[in-house]
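First comes the structure, then the notes that go with it.
Along the sequence shown, residues are numbered consecutively beginning with 1. Heavy atoms only: backbone and side chains are in, while hydrogens, waters and symmetry mates are out.
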Amino acid sequence: MAIIITDECINCDACISECPNNAIYEPDQEWSYSDETALSGTVALPNGGEVDADAENDPISDEFYFIVPDKCTECKGFHDEPQCASVCPVDCCVPDEDHVESEEELLAKKAWLHAE
């Protein structure tokens, strides 16, 4: 499952540089699938939809840091544990019950994001 940042976030910035998929953004920041990934142009999403990877999307939160679920792989294929959670001083990076995925699905998402 993806990781979510709760509203207990103190906006300390510790998690951003730890994410290998560039799935974490500052409050009120637009995001795109192509940010620091191999994606560009129109791409098929792992769930079957299509999206313009270069399009800017509305921020998920305007109050605290947020994680884009479609870009979060829980660091599978990179690290043994989610790096955002391991560096968070207030333990606000927690599993997102609304985005449950198997390890196989997370590894497939990693391959999709990085053209492996």
Exercise. Please report the C-alpha distance between Ile67 and Ile4 in whole Å, then the side-chain angles of each, then the deciding distance to 0.1 Å, and finally whether the side chain to side chain contact (heavy atoms under 4.5 Å, CB included) criterion is met.
Key: CA-CA 6 Å; Ile67 298 174; Ile4 191 170; 5.9 Å; no

Does the side chain to side chain contact (heavy atoms under 4.5 Å, CB included) test come out yes or no for Asn22 and Cys19, once each step is laid out?
CA-CA 5 Å; Asn22 197 44; Cys19 183; 5.6 Å; no

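Looking at every heavy atom in both residues, Glu81 comes nearest to Gln83 through O-NE2, 2.9 Å. Across all their heavy atoms, Thr73 and Lys110 have their closest contact at CG2-N, 3.7 Å. Here the shortest heavy-atom pairing between Leu106 and Cys72 reads CD2-O, 3.9 Å. What you find for Cys84 and Ile3 is that their closest heavy atoms are SG-CG2, 3.8 Å. Between Pro20 and Cys75 the shortest heavy-atom distance is CD-SG, 3.7 Å.
Atom SG of residue Cys12 and atom CZ of residue Phe64 lie 13.5 Å apart, to the nearest 0.5 angstrom. Between Cys88 atom SG and Glu8 atom CD the span is 9.0 Å, to the nearest 0.5 Å. The distance from atom CD1 of Ile16 to atom OH of Tyr25, rounded to the nearest 0.5 Å, is 9.0 Å. From Asp52, atom CG reaches atom CG of Asn57 across 9.0 Å, with rounding to the nearest 0.5 Å. Distance NE2/His99 to CD/Glu105: 12.0 Å, rounded to 0.5 Å. Here the CG atom belonging to Leu107 is positioned 7.5 Å from the NZ atom belonging to Lys76, to the nearest 0.5 angstrom.
For the pairing with Val51, the side-chain contact (heavy atoms from CB on, under 4.5 Å) check across Thr42, Asp70, Val43, Leu39 returns one residue only, Val43.
Formation of a donor-acceptor pair under 3.5 Å by the Lys71 side chain with backbone atoms of Lys109 is not found in this model.
Summarising the local packing, CD of Glu116 is surrounded by more than 12 heavy atoms from other residues, nucleotides or ligands at distances under 6.0 Å. Heavy atoms from other residues, nucleotides or ligands lying under 6.0 Å from CG of Asp80 number 12 at most.
Side-chain contact between Glu63 and Asp7 is absent, with no heavy-atom pair separated by less than 4.5 Å. With a 4.5 Å cut-off on side-chain heavy atoms, Gln29 and Pro59 do not count as touching. In this structure, Tyr65 and Glu26 have side chains that are in contact, with non-hydrogen atoms separated by less than 4.5 Å. Cys93 places a side-chain heavy atom less than 4.5 Å from the side chain of Ile5.
Transitive grouping of hydrophobic side chains (ILVMFWY, heavy atoms separated by less than 4.5 Å) brings Leu113 and Ile60 into a common cluster. Residues Trp31 and Leu45 share a single hydrophobic cluster, defined by chaining ILVMFWY side chains whose heavy atoms lie under 4.5 Å apart.
Of the N and O atoms on the side chains of Ser34 and Asp54, at least one donor lies less than 3.5 Å from an acceptor on the other residue. No hydrogens or angles considered: a donor-acceptor pair under 3.5 Å links the side chains of His114 and Asn21.
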